[in-house]
Amino acid sequence: MCGIVGYTGTRPAEPVLIEGLQKLEYRGYDSAGVCTLDDRGVRTTRRALGKLAALKARLSSEPCPGTTGIGHTRWATHGRPSEKNAHPHESDGVTVVHNGIIENHRELRLELQARGRVFTSETDTEIFAHLIALARQQGLPLLEAVRRAVGRVQGAYALAVVDEKTPGALAFARLASPLVVGVGEGEMFLASDVPAVLAHTRNFVFLEDGDCGMIEAERYVVVDAAGVAVQRPVKTITWSAVMAEKGGHKHFMHKEIVEQPRAITDTLRGRLSFDDAAILLDGVDNGALLSTRRVVIIACGTSWHSGLVGASLIESLARVACSVELASEFRYRDPVLDADTLVIAISQSGETADTLAALKEAKRRGCRVLSVCNVVDAAIPRVCAIGDGLGAGTLYTRAGPEIGVASTKAFVTQLVALHLLALQLAQLRNTMTKEALLEDMTALAHLPIHMEKVLAREDDVRALAQHHVNARDMLFLGRGLLFPIALEGALKLKEISYIHAEGYAAGEMKHGPIALIDDAMPVLVLALPGPGYEKVISNLEETRARGGRVLALVSDDDHSLDDQIEGVLRVPTSHQRTMPVLAVLPLQLFSYHVADLRGLDVDQPRNLAKSVTVE
Ligand code: AGP
């Protein structure tokens with residue numbers, strides 16, 4: 001996944017591009033580059049290997065003049081990270097930046113080389129520059145040249161193009177990779193994501209798959225894949241520019257951990273009606289929910305973990321069979337699906353390639369499709385749009401922009417959204433009494449207060465993290481609704497601290513993992529009130545009896561373990577079905593502080609990107 005940005009207007013383009021790339025760097029940071037045109041069409045391109053700082057250093061001595069330009073920050077998919085593979089790429093005065101992947105790049109590269117084109121990089125992206133340049137040489141206008149070029153490509157792209165022959169204009173195209181047009185006063189923007197240019201405008205056009213178009217200082221035009229002009233509405237974003245900044249925190253991840261009570265409040269807002277004990281889900285087709293005989297949840301990574309919790313809640317509350325599948329497996333295993341199956345895609349970004357592909361496959365097989373997503377109008381919500389007979393809508397998580405690569409506030413809002421969905425299903429199927437419904441609604445409404453209490457204990461978590469900053473391995477154990485939280489705690493630790501960690505169902509220890517126990521490996525046990533509490537304590541004792549270094553997460557009023565184990569973290573006792581939201585907070589903070597104490601780049605861990613928009 002990469003970040004692209006474009007500008008045309010009356011201001012110098014370079015600072016706008018660099019500022020935008022700064023806010024997009026979480027999308028990938030192997031290399032970066034910009035290209036600007038002055039009003040005579042004189043082109044200047046600068047590229048640098050590594051993070052944006054390297055490009056900024058280059059520009060300080062070799063600036064890019066001009067009021068039109070494009071920029072790119074790269075997460076390599078084709079061609080290793082290097083300056084020559086850094087975007088932008090150019091051919092005969094046509095310069096492009098691209099986020100996505102060209103799946104038929106080999107045949108196109110051979111065809112273009114046979115037509116005399118000389119490639120200077122290993123990337124697939126350079127193919128766009130040559131295809132567009134050839135079309136321009138045949139006399140096609142820039143927009144038509146771009147449309148023809150993308151018509152030759154199979155894969156995914158968000159593309160921004162400048163041409164020396166058309167100063168003051170940018171062309172664009174998008175398919176399966178995010179791209180928005182920012183509409184300013186006498187200036188226009190292109191960006192992979194809203195925060196990149198939110199400081200300059202709050203008015204955005206969310207492009208559809210297959211859209212191509214042009215922006216100039218005073219106007220924009222969008223055409224569909226057939227070249228027919230289409231109207232795309234301008235939407236006003238309410239996020240403030242500050243909201244997408246760090247807000248005084250050392251890292252985005254810390255800001256987003258602390259923001260979680262507000263994110264939950266926002267996600268619940270308007271969806272709990274206590275007066276008539278009802279759940280009100282905006283943007284979801286209740287008819288689709290009512291006709292559902294089976295639910296299949298598809299997701300990746302942290303979103304898959306929230307799906308595991310959601311499936312338990314759906315089955316226990318709504319008595320509907322619900323399975324959870326890794327999207328990357330589901331899409332290739334020829335699953336048994338039918339019209340009574342509701343497939344729910346969970347995705348923070350709404351752009352994850354495996355989840356998007358699995359969702360489209362489910363829809364192709366006639367399933368109703370619904371999504372839980374944090375980005376308005378992203379690709380996955382578009383597939384679920386109500387109106388085509390299969391789209392059942394999107395339940396948005398309203399967590400606001402999540403910049404840290406390690407997902408935190410998106411995860412807890414997914415848990416709450418799935419809880420709401422389970423309650424809505426139960427309500428529609430009359431599987432819960434009004435009293436039971438009100439019990440869960442009250443527990444959800446109390447969550448933000450309990451969360452604030454847990455977050456206020458951050459110093460205790462940091463102290464525990466200091467004891468384990470050099471751990472080689474770590475195990476997280478949980479049962480029932482807390483087993484997915486054990487998985488999530490392990491994923492958080494491994495992805496930002498690079499310590500090998502595994503989450504396990506506590507009952508599985510005796511089936512193999514207990515052989516790992518030694519006095520060097522911390523084992524954190526989620527021993528919170530609930531159906532499996534006594535069994536978890538037995539698992540904890542088994543671990544301790546073999547010399548394991550046991551840590552435990554317990555409730556405020558449980559002191560049964562205090563002098564028996566190495567470290568205790570506490571959360572307030574809350575309803576068992578909302579306990580997963582509280583339990584994950586200390587694990588997020590633990591991983592954050594271990595990684596920070598190890599001096600690692602918490603927001604941009606090595607090898608990762610915020611949204612995996614390639615397979
Ligand atoms: C979360 O901490 C990870 N960075 C990753 O597992 C992420 O959850 C996964 O890639 C799915 O992303 P999505 O929710 O945007 O689809």
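The residues of the chain are indexed from 1 along the displayed sequence. Counting starts at 1 for both ligands and their atoms, in listed order.
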Could you identify the single nearest non-hydrogen protein atom to atom 2 (O) of ligand 1 and state the distance to 0.1 Å?
Glu495 OE2, 2.5 Å

Can you confirm whether Thr408 sits close enough to Leu585 that some side-chain heavy atom of one is under 4.5 Å from a side-chain heavy atom of the other?
no

Under the criterion side chain to side chain contact (heavy atoms under 4.5 Å, CB included), which of Val369, Leu395, Val284, Val372 is the partner of Cys384?
Val369

Answer yes or no: does an N/O atom from Gly301 fall short of 3.5 Å to an N/O atom of ligand 1?
no

Lys/Arg-Asp/Glu bridge criterion (N-O < 4.0 Å) met for Asp30, Lys51:
no

Of the protein's non-hydrogen atoms, which lies at the shortest distance from atom 1 (C) of ligand 1, and what is that distance?
Thr302 OG1, 3.1 Å

Is there a nitrogen or oxygen of Thr355 sitting under 3.5 Å from a nitrogen or oxygen of ligand 1?
no

Pair Arg365 + Glu361, salt bridge at N-O below 4.0 Å:
yes

Short N-O contact, Arg174 and Glu208, less than 4.0 angstrom
no

For Asp459 and Arg462, what are the C-alpha separation, side-chain angles and deciding distance, and is it a salt bridge (Lys or Arg N to Asp or Glu O under 4.0 Å)?
CA-CA 5 Å; Asp459 291 346; Arg462 181 179 172 81; over 6 Å; no

Between Ser347 and ligand 1, which part of the residue brings a heavy atom under 4.0 Å of the ligand: side chain, backbone, both or neither?
both

What do the steps show when you test His593 against Glu458 for side-chain hydrogen bond (donor to acceptor under 3.5 Å, both in side chains), and what is the final call?
CA-CA 9 Å; His593 284 296; Glu458 179 169 357; 2.6 Å; yes

Looking at Asp285 and Arg368, is any side-chain nitrogen of the basic one under 4.0 Å from a carboxylate oxygen of the acidic one?
yes

Glu351, portion touching ligand 1 at heavy-atom distance under 4.0 Å:
neither

So between Ala345, Ser349, Ala299, whose heavy atom ends up nearest atom 15 (O) of ligand 1?
Ser349

Of the protein's non-hydrogen atoms, which lies at the shortest distance from atom 4 (N) of ligand 1, and what is that distance?
Val405 O, 3.0 Å

At a 4.0 Å threshold, what atoms of ligand 1 neighbour a non-hydrogen atom of Ala406?
2 (O)

If we only count N/O pairs under 3.5 Å, is Glu488 in contact with ligand 1?
no

Any salt bridge between Asp266 and Lys409, counting N to O under 4.0 Å?
no

Which ligand 1 atoms does Ser407 reach within 4.0 Å, using its non-hydrogen atoms?
1 (C), 2 (O)

Which bit of Lys610 gets closer than 4.0 Å to ligand 1, counting heavy atoms only: side chain, backbone, both or neither?
neither

Is the backbone N or O of Ser349 less than 3.5 Å from a side-chain atom of Asn374, with the two atoms forming a donor-acceptor pair by type?
no

Can you find an N or O of Gln414 that's nearer than 3.5 Å to an N or O of ligand 1?
no

Tell me which protein heavy atom sits closest to atom 12 (O) of ligand 1, plus the residue, atom name and distance to 0.1 Å.
Thr352 OG1, 3.5 Å

Residue and atom name of the nearest protein heavy atom (relative to atom 10 (O) of ligand 1), distance in Å to one decimal:
Val612 CG2, 4.2 Å

With a 4.0 Å cut-off on heavy atoms, is Cys300 touching ligand 1?
yes

Could you tell me whether Lys610 and Glu402 make a salt bridge, using a distance below 4.0 angstrom between a side-chain N and a carboxylate O?
yes

At a 4.0 Å threshold, what atoms of ligand 1 neighbour a non-hydrogen atom of Ser303?
8 (O), 13 (P), 14 (O)

